[in-house]
Asks: 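Structure below; questions to follow.
Just so we're clear, the structure is a prediction, and the values are computed from it rather than from any experiment.
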2 protein chains.
Amino acid sequence: MAPTTRQPAEHPDPAAATPPPPTRGKGRPRSAAADQAILDATREALAELGWGGLTMGDVAQRAGVAKTTLYRRWPSKSELVVDAIASLFDQLECSDRGSLQADIEAVVARFAELLTRPETQAALLALFAEGTRDVHLRRRIRERIVQPQKVLVQLGRANAQARGEMDPDRDAATADEEIDIIFDTIAGTVEHRLLVSGEPVTPDWIRRFTTLLLNPFPGLLR
Amino acid sequence: MAPTTRQPAEHPDPAAATPPPPTRGKGRPRSAAADQAILDATREALAELGWGGLTMGDVAQRAGVAKTTLYRRWPSKSELVVDAIASLFDQLECSDRGSLQADIEAVVARFAELLTRPETQAALLALFAEGTRDVHLRRRIRERIVQPQKVLVQLGRANAQARGEMDPDRDAATADEEIDIIFDTIAGTVEHRLLVSGEPVTPDWIRRFTTLLLNPFPGLLR
DNA sequence: GCTCTTTCGCTACTGGTCGTAGCGTATCTG
DNA sequence: CAGATACGCTACGACCAGTAGCGAAAGAGC
């Protein structure tokens, strides 16, 4: 696998990025514009009112659409919010900046920027909370939000490997587990600092955190 | 400050650990047994139904108490859940096990055990989500849940310092910022792994994570 | 023992939300 | 043009947070 830069649009099914329209191709087709308007309205309402304040009726009104139309596409409020938030994470990327530390710093900065937006603050946590109970929702969150983030870390490692930064003696299994730890550490730490501790993620902080994360991993770098 | 082991009961106001009863000492006193029954019922309902499924009426019924009694002591569902969950974190401690790594491993294990319980899984995330909107609730969460955790990290550092593990040349300001980073990293990583990634925190994982965290911090250890 | 004060349980109620049902209409396919 | 599907609208059922008002219980202080 060649180390490549991940561009925003890279879905397996680019046409049906949001709700799978069960169109069987006979009657009146679904309005794609309505889809977009609903997602936009959801993000807007999320930013203004947060998870708790967001109501389906309000979203419908903002989107200029009937409430029933929302339920024709998304089975519940949670699933609608998953898609509305997930589209933001689609914009993440991991470009090759010459060193693993620089790559990770860029990812952290972008991730922190997303988590600082008002529409994501409460929504992400509320989604995760809901996901601990609803198995189906949990899987959907993983696919649409968590997995795309993890891919970034894997890409960063592939790039570092191609640049010859990594210790070639490490076996693949160990390295894969390390990826898991590193991913949980990056995402969890930034989330905790922003959403729980409530302190900002500055470039200086990113530098210090990334240094802590990378320099020491015994034997990871050559 | 002597490096000391933190015991469970260490509140500034040990009598009013839960709701501040505005008793002015004239008429019928509040039933302390009811307080305990309500908190127990809350945790029980939380474990069974999660945050979304928990209703004040249900909690009242389980506790054998009128719903109005709940609202006489806690202003809202969120605040009740804060206290119900916070009492679990009161049991955390950081005993001196001879090395910083051992101390942190013990804290991580205990913290992970708490986050694995069904009653905390969804409740914590839902609380944090609610806290991003409600300033008052956010402060309360910090006082009752986040701060006690942070104290553990500070205690661990004090113990390490007393044992002579720390580099004495580091200035206090830098060290304090490091405490913040380390705290966010420990809490955030464990939370993310358990609640978002949904993977278990095993002793082996704890060992690897702690090693990653400590060995490398440039100049932290002597 | 008596009174005063506060809490307690109960019932009823308001306001709001999710999610659904039914119907007539609009819009596209073949 | 006919069939099929999506759409907007209104109304509705179920549920829940949180409040109001009352009579009764249970202590505190004398």
Asks: In whole angstrom, what separates A/Gln61's CD from C/dT17's P?
Replies: 11 Å
Asks: Determine to 10° how strongly the helix from C/dG1-D/dC30 to C/dG30-D/dC1 is bent, judged from the axes of its five-pair ends.
Replies: 30°
Asks: I'd like to compare against my own output: the B/S/- annotation of nucleotides 18-25 of chain C with a strict under-4.0 Å heavy-atom distance to protein.
Replies: SBBB----
Asks: Quickly work out the B/Leu80 CG to D/dA17 P distance and round it to whole Å.
Replies: 11 Å
Asks: With sequence neighbours left out, what residues match B/Tyr71 under ring pair (Phe, Tyr, Trp, His ring centres under 6.0 Å)?
Replies: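 Partners of B/Tyr71 under the ring pair (Phe, Tyr, Trp, His ring centres under 6.0 Å) test: none.
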Asks: Taking only residues two or more places apart in sequence or in another chain, which ones pass side chain to side chain donor-acceptor pair (under 3.5 Å) with B/Arg117?
Replies: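 Residues passing side chain to side chain donor-acceptor pair (under 3.5 Å) with B/Arg117: B/Glu113.
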Asks: Mind checking side chain to side chain donor-acceptor pair (under 3.5 Å) for B/Gln61 and listing every partner two or more places apart, or none if nothing turns up?
Replies: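 B/Gln61: no side chain to side chain donor-acceptor pair (under 3.5 Å) contacts found.
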Asks: With a cut-off of 3.5 Å and sequence neighbours excluded, list every side-chain donor-acceptor pair involving residues 195-206 of chain A.
Replies:
| unit_1 | atom_1 | unit_2 | atom_2 | d |
| --- | --- | --- | --- | --- |
| A/Ser197 | OG | B/Asp184 | OD1 | 2.6 |
| A/Thr202 | OG1 | A/Trp205 | N | 3.1 |

Asks: Taking ring pair (Phe, Tyr, Trp, His ring centres under 6.0 Å) as the definition, give me every residue that meets it alongside B/Phe183, ordered by chain and number, with sequence neighbours left out.
Replies: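 B/Phe183 satisfies ring pair (Phe, Tyr, Trp, His ring centres under 6.0 Å) with A/His192 once adjacent residues are dropped.
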Asks: Enumerate the residues from residues 118-133 of chain A whose closest heavy atom to DNA chain C is under 4.0 Å, giving them by residue number; use none for an empty result.
Replies: none
Asks: For B/Arg207, enumerate each residue passing the side chain to side chain donor-acceptor pair (under 3.5 Å) test, keeping only those at least two apart in sequence or located in another chain.
Replies: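 Listed in chain order: B/Glu105.
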Asks: Please identify each residue that fulfils side chain to side chain donor-acceptor pair (under 3.5 Å) with B/Arg43, with sequence neighbours left out.
Replies: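 By the side chain to side chain donor-acceptor pair (under 3.5 Å) rule, B/Arg43 matches B/Asp40, B/Ser87.
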Asks: What's the verdict on side chain to side chain contact (heavy atoms under 4.5 Å, CB included) for A/Ile181 and B/Arg208, showing C-alpha distance, side-chain angles and the deciding distance?
Replies: CA-CA 9 Å; A/Ile181 296 185; B/Arg208 295 150 60 86; 3.9 Å; yes
Asks: Atom CH2 of A/Trp51 to atom P of C/dT17: distance rounded to whole Å?
Replies: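 Computing the A/Trp51:CH2 to C/dT17:P distance gives 15 Å.
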Asks: What pairs with B/Arg62 under salt bridge (charged side-chain N to carboxylate O under 4.0 Å, His left out), at least two apart in sequence or on another chain?
Replies: B/Glu44, B/Glu48, B/Asp58
Asks: Could you note down all residue pairs passing ring-ring contact (aromatic ring centres under 6.0 Å, His included) where residues 33-67 of chain B supplies at least one of them, sequence neighbours left out?
Replies: none
Asks: Base, sugar-phosphate, or nothing for A/Gly64, non-hydrogen atoms under 4.0 angstrom?
Replies: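 Touches sugar-phosphate only.
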